[in-house]
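These notes concern the structure reproduced below.
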Amino acid sequence: MRDTLLSEHLLAWYDRHARDLPWRVGPADRAAGIRPDPYRVWLSEIMLQQTTVAAVRSYFHAFTTRWPNVAALAAAEDADVMAAWAGLGYYARARNLLKCARQVVTEHGGRFPETREALLTLPGIGPYTASAIAAIAFDEPATVVDGNVERVMARLHDVQTPLPTAKKELTALAERHTPNERPGDYAQAVMDLGATICTPKSPACGICPLREDCDARRAGHAAELPRKLPKKPKPTRHGIAYIARRDDGAWLLETRPDKGLLGGMLGWPTTDWSDDPAPAPPLPADWQTLDAEARHTFTHFHLRLAVQIATVPATSAPDRGQFHPANSFRPADLPTVMRKAFDLAAATLRDL
DNA sequence: TAAACGTGGCC
DNA sequence: TGGCCAAGTTT
């Protein structure tokens with residue numbers, strides 16, 4: 001049994017309040033039968049994983065301008081794609097993005113598969129993203145369950161079970177509400193509702209299109225849901241970044257291994273990040289320790305990164321990494337923690 | 001199942 | 001300042 005009335009309320013609200021986003025097809029085009037481009041839907045959904053719309057906008061524009069379709073992206077250099085992703089975080093997404101694009105070209109003739117089941121086999125596409133692409137691009141009534149949907153369902157049905165235990169229960173509730181008509185618009189409607197009305201902290205229940213249906217609002221504790229299990233505290237780790245500038249202006253950088261933290265990204269050679277790391281300079285030099293350190297918080301630990309700088313002669317042969325000429329080095333190509341270290345070094349070098 | 005995996009904005 | 005939070009996936 002489907003809750004038809006609720007999905008119709010939500011779709012009516014969406015028709016009036018849908019946000020105009022670059023990867024969406026506007027109401028007029030949609031009425032004219034124009035479908036969203038699966039490539040743009042896919043790219044936006046990967047970028048939006050655990051990431052806000054505000055952070056994604058400029059990256060989406062840059063990617064679609066430079067690589068307008070999946071074949072173009074599949075043909076790109078790994079380093080160019082990683083550099084273009086720099087700053088957006090969760091870099092495994094960028095590595096899987098390329099893998100997926102190439103797989104779509106080599107195994108699917110350059111067209112995205114059109115079912116949730118087939119989409120699930122592609123790298124970087126999990127249960128959420130497969131449903132989102134299937135519903136939005138291909139009109140399959142797949143149920144989309146992201147953080148927004150979990151929150152809306154927990155409140156609508158006053159689910160007291162904490163996450164992540166409640167996940168299955170919330171998914172079942174979401175399935176019950178998914179309509180066969182306009183499933184893509186419905187999916188985006190729930191997520192828009194969660195992003196703009198049914199927000200985590202202070203939900204705007206007074207203007208919510210579902211306020212008459214919401215059990216938690218009736219009980220007066222919508223803002224307390226969904227409940228969550230307590231999180232583990234983040235430890236603090238320490239490290240040293242080595243920033244070497246050759247006297248012709250080239251910078252010593254290394255491409256990090258594909259696996260693990262910041263995998264595949266360009267960065268300064270560093271020690272390991274631990275309680276008390278052993279010094280590990282990439283070449284012998286007169287290393288100067290900066291007064292300030294770069295502070296950065298990752299998903300599961302805080303990092304305090306000391307920065308050492310050195311100017312080295314043109315004959316230098318580093319143990320690891322390679323020199324990048326000054327004219328081809330852009331700080332924006334670095335992940336944020338590495339850019340923070342560079343900013344400290346650049347400020348010091350300016351003052352010398 | 002739980003841990004790994006980024007970053008920026010907000011309060 | 002520091003914890004919480006955001007359109008999750010992989011191992």
Side-chain angles (χ1 to χ4, degrees), chain A residues 19 21-24 40-60 82 85-97 99-100 119-133 135-137 142-152 163-165 167-168 171 174 184 186-196 198-203 223 226-237 256-265 267 273 294-304 332 334-340:
Chain A
R19 290 182 291 174
L21 301 174
W23 45 88
R24 285 186 177 170
R40 294 167 68 88
V41 173
W42 163 71
L43 180 62
S44 67
E45 290 300 341
I46 301 297
M47 287 184 166
L48 286 163
Q49 289 169 6
Q50 300 289 285
T51 308
T52 57
V53 166
V56 163
R57 279 184 188 276
S58 65
Y59 286 86
F60 182 82
M82 298 312 289
W85 197 276
L88 199 52
Y90 282 134
Y91 298 100
R93 292 184 295 171
R95 302 195 300 275
N96 285 329
L97 189 80
K99 275 190 207 163
C100 182
L119 288 161
L120 266 175
T121 67
L122 292 167
I125 299 184
Y128 161 78
T129 306
S131 284
I133 298 172
I136 296 167
T143 299
V144 167
V145 184
D146 72 333
N148 289 304
V149 176
E150 289 176 351
R151 186 168 60 254
V152 170
L163 286 167
T165 313
K167 175 93 178 177
K168 283 185 71 172
T171 298
Y186 170 78
Q188 293 173 94
V190 189
M191 293 189 284
D192 269 19
L193 186 77
T196 62
C198 195
T199 54
K201 299 268 173 64
S202 304
R227 302 195 189 284
K228 297 190 176 180
L229 260 19
K231 305 187 174 175
K232 293 175 60 175
K234 294 186 205 302
T236 297
R237 297 185 190 169
R256 299 170 62 87
D258 264 357
K259 299 276 183 185
L261 196 63
L262 309 180
M265 297 301 289
W273 297 344
R295 288 191 179 201
H296 193 75
T297 298
F298 292 101
T299 310
H300 52 294
F301 65 93
H302 302 288
L303 178 66
R304 292 186 176 204
L334 301 176
T336 299
V337 63
M338 297 295 177
R339 190 181 46 70
K340 285 183 181 176

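Within every chain, numbering begins at 1; the chains are lettered A, B, ... in the order of the sequence lines, protein sequences first and strands thereafter. Keep in mind that this is a model prediction, so the values were computed, not measured. Side-chain atoms are counted along with the backbone in the values below, which use heavy atoms only and exclude waters and symmetry mates.
Look at CG on A:Leu229: it is 13 Å from P on B:dT1, rounded to the nearest Å. For A:Tyr128 and C:dA6, the OH to P distance is 13 Å, given to the nearest whole Å. Rounded to whole Å, the distance from CG on A:Asp258 to P on B:dC5 is 14 Å. Here B:dT1 presents its P atom at 14 Å from CG of A:Leu163, a figure rounded to the nearest Å. Regarding A:Leu334, its CG atom lies at a distance of 11 Å from the P atom of B:dT7, rounded to whole Å. The CH2-P distance, from A:Trp85 to B:dC5, rounds to 18 Å in whole Å. Atom CG of A:Leu88 is separated from atom C1' of C:dA6 by 12 Å (rounded to the nearest Å). Look at CG on A:Leu303: it is 13 Å from P on B:dG6, rounded to the nearest Å.
A:Lys201 places no side-chain N or O within 3.5 Å of a backbone atom of A:Ala223 that could act as its donor or acceptor partner. The backbone N or O of A:Ala86 lies less than 3.5 Å from a partner atom in the side chain of A:Tyr59, making a donor-acceptor pair. Remark: side-chain polar atoms of A:Arg93 are not paired, donor with acceptor, to backbone N or O of A:Gly124 under 3.5 angstrom.
Residue A:Ile125 is classed as a sugar-phosphate contact, given heavy-atom separations below 4.0 Å to backbone atoms only. Here A:Gly260 lies in heavy-atom contact (under 4.0 Å) with sugar-phosphate atoms only. Among the atoms of the strands shown, only primed sugar atoms or phosphate atoms (P, OP1, OP2) are found under 4.0 Å from some heavy atom of A:Gly87. Base contact: A:Arg24 has a heavy atom under 4.0 Å from a base atom. Residue contacts for A:Ser44: at a heavy-atom cut-off of 4.0 Å it reaches no nucleic acid atom on any strand shown. The residue A:Pro123 sits close only to the backbone: its heavy atoms come under 4.0 Å of sugar-phosphate atoms, none of a base.
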Give the C-alpha distance, both sets of side-chain angles, the deciding distance and a yes or no for side-chain hydrogen bond (donor to acceptor under 3.5 Å, both in side chains) between A:Thr196 and A:Arg19.
CA-CA 10 Å; A:Thr196 62; A:Arg19 290 182 291 174; 5.9 Å; no
For A:Gln188 and A:Arg24, run side-chain hydrogen bond (donor to acceptor under 3.5 Å, both in side chains): C-alpha distance rounded to whole Å, both residues' side-chain angles, the deciding distance at 0.1 Å, then the answer.
CA-CA 10 Å; A:Gln188 293 173 94; A:Arg24 285 186 177 170; 2.9 Å; yes
Intermediate values then yes/no, side-chain hydrogen bond (donor to acceptor under 3.5 Å, both in side chains), A:Tyr128 and A:Glu45:
CA-CA 9 Å; A:Tyr128 161 78; A:Glu45 290 300 341; 2.6 Å; yes
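Residue A:Thr336 places at least one side-chain N or O closer than 4.0 Å to OP1 or OP2 of B:dG8. Listed pair A:His300 / B:dC5 meets the phosphate criterion, a side-chain N or O lying under 4.0 Å from OP1 or OP2. Contact check, A:Thr299 against B:dA3: no side-chain N or O comes under 4.0 Å of OP1 or OP2. Considering only side-chain N and O atoms, A:Gln50 lies nowhere under 4.0 angstrom from the phosphate OP1 or OP2 of C:dA6. Considering only side-chain N and O atoms, A:His296 lies under 4.0 angstrom from the phosphate OP1 or OP2 of B:dT7.
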Contacts under 3.5 Å, N or O only, protein and nucleotides 1-5 of chain C:
none

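Listed nucleotides C:dG8, C:dT11, B:dG6 differ in distance to A:Gln49; the shortest reach to its side chain belongs to C:dG8. The listed nucleotides are B:dC5, C:dA6, B:dT7; the one nearest the side chain of A:Pro335 is B:dT7. For A:Arg93, the side-chain atoms get nearest to B:dG6 when compared with the rest of B:dT7, C:dG8, B:dG6. Comparing B:dA3, C:dG8, B:dT7 by their closest approach to the side chain of A:Tyr91 singles out B:dT7. Listed candidates were B:dA3, B:dG6, C:dT9. Nearest to the side chain of A:Lys232 is B:dA3.
With hydrogens and angles ignored, no donor-acceptor pair closer than 3.5 Å exists between the side chain of A:Thr52 and the base of B:dG9.
Between A:Lys99 and A:Leu21, the residue anchored nearer the 5' end of DNA chain C, judged by the nucleotide with its closest heavy atom, is A:Leu21. Nearest-nucleotide assignment on DNA chain B puts the 5′-proximal partner with A:Phe301, out of A:Lys340 and A:Phe301.
Comparing B:dG6 with C:dT11, their P atoms sit 13 Å apart, to the nearest whole Å.
Residues A:Leu97 and A:Leu43 meet the side-chain proximity criterion, which asks for heavy atoms closer than 4.5 Å. A 4.5 Å side-chain heavy-atom check between A:Leu303 and A:Phe298 finds at least one atom pair inside the cut-off. With contacts defined as side-chain heavy-atom distances shorter than 4.5 Å, the pair A:Trp273/A:Leu261 qualifies.
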